[in-house]
Amino acid sequence: MQVLVIGAGVVGLAVARGAACKGHEVIVAEAAGNIGTGISSRNSEVIHGGMYYATGTLRGRHCVRGRRMLYEFCAAHGVPHRKCGKLVVATNDAELEKIRTIEKQGRINEVEGLEMLGGNAARALEPELS
Ligand SMILES: Cc1cc2nc3c(=O)[nH]c(=O)nc-3n(C[C@H](O)[C@H](O)[C@H](O)COP(=O)(O)OP(=O)(O)OC[C@H]3O[C@@H](n4cnc5c(N)ncnc54)[C@H](O)[C@@H]3O)c2cc1C
């Protein structure tokens, strides 16, 4: 069938590609002079882990699944990227409690590779930490 996608940001282009790969005739309509010049061109380029989002939310589900799919896509299509990991840092007891909550939520969201580190181990990864 004919598919009209409005907006050539990362979401619209991914939808358009998905439809085109399934054999549909796709038109992408973009108001700006070029593709990917909206919010997609200004983000921080982080591939998010997905440990923050509440249980059962679409964000929680899609962030983790989408991250795995994105790494696969990048590897398969030679898209340069770094899988550098992320440090979530607590500097006092109250923040430590928050980190435990994030870790628990991450495990519920099935985020892989979560690990609690002490200060020395964290500084070994990032010497600028204090
Ligand atoms: C400061 C900031 C940092 C971020 N950092 C990250 C990050 O590190 N990692 C991450 O995963 N996400 C990040 N995000 C979120 C991410 O950038 C957005 O979720 C994503 O880019 C949204 O893509 P989009 O295609 O929905 O929107 P857009 O990229 O804005 O695309 C929408 C397009 O639709 C066009 N359009 C709108 N209306 C019409 C119309 N009526 N007719 C035709 N065209 C139209 C616009 O011109 C635009 O090109 C960040 C967001 C911000 C604001």
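These figures come from a predicted structure and were not determined experimentally. Only heavy atoms go into these numbers, but all of them, side chains included; no hydrogens, no water, no symmetry mates.
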Enquirer: Does Val5 reach the side chain of Leu13, with side-chain heavy atoms less than 4.5 Å apart?
Expert: no
Enquirer: When you measure from the side chain of His24 to the backbone N and O of Ala19, does any donor-acceptor pair fall under 3.5 Å?
Expert: no
Enquirer: Tell me, do Arg17 and Val26 make a side-chain contact under 4.5 Å, heavy atoms counted?
Expert: no
Enquirer: Which pair of heavy atoms, one from Ala122 and one from Leu129, lies closest together, and at what distance?
Expert: CB-CD1, 3.7 Å
Enquirer: Got Val3 and Glu25 here, is their nearest side-chain heavy-atom distance under 4.5 Å?
Expert: no
Enquirer: Look at the side chain of His77 and the backbone N and O of Phe73, then say whether any donor-acceptor pair between them is shorter than 3.5 Å.
Expert: yes
Enquirer: Specify the closest pair of heavy atoms between Val28 and Ala8, including all atoms of both residues, with the distance to one decimal.
Expert: CG1-CB, 3.7 Å
Enquirer: Roughly how far apart are Thr37 OG1 and Glu30 CD, rounded to 0.5 Å?
Expert: 5.5 Å
Enquirer: Is any side-chain heavy atom of Asn109 closer than 4.5 Å to one of Met51?
Expert: no
Enquirer: Which residues satisfy the ring-ring contact (aromatic ring centres under 6.0 Å, His included) test with His81, sequence neighbours excluded?
Expert: Tyr71
Enquirer: Going by the rule salt bridge (Lys or Arg N to Asp or Glu O under 4.0 Å), which residues pair with Glu112 if we only count those two or more places apart in sequence or in a different chain?
Expert: Arg67, Arg68
Enquirer: Val10 and Ser40: which non-hydrogen atoms are nearest, and at how many Å?
Expert: N-OG, 2.9 Å
Enquirer: What are the two closest non-hydrogen atoms of Ser41 and Gly36, and how far apart are they?
Expert: CB-O, 3.1 Å
Enquirer: If you take all heavy atoms of Val88 and Ile99, which pair is closest and at what distance?
Expert: O-CD1, 3.0 Å
Enquirer: Identify the heavy atoms of Glu95 and Thr91 that sit nearest to each other, and give their distance.
Expert: OE1-N, 2.7 Å
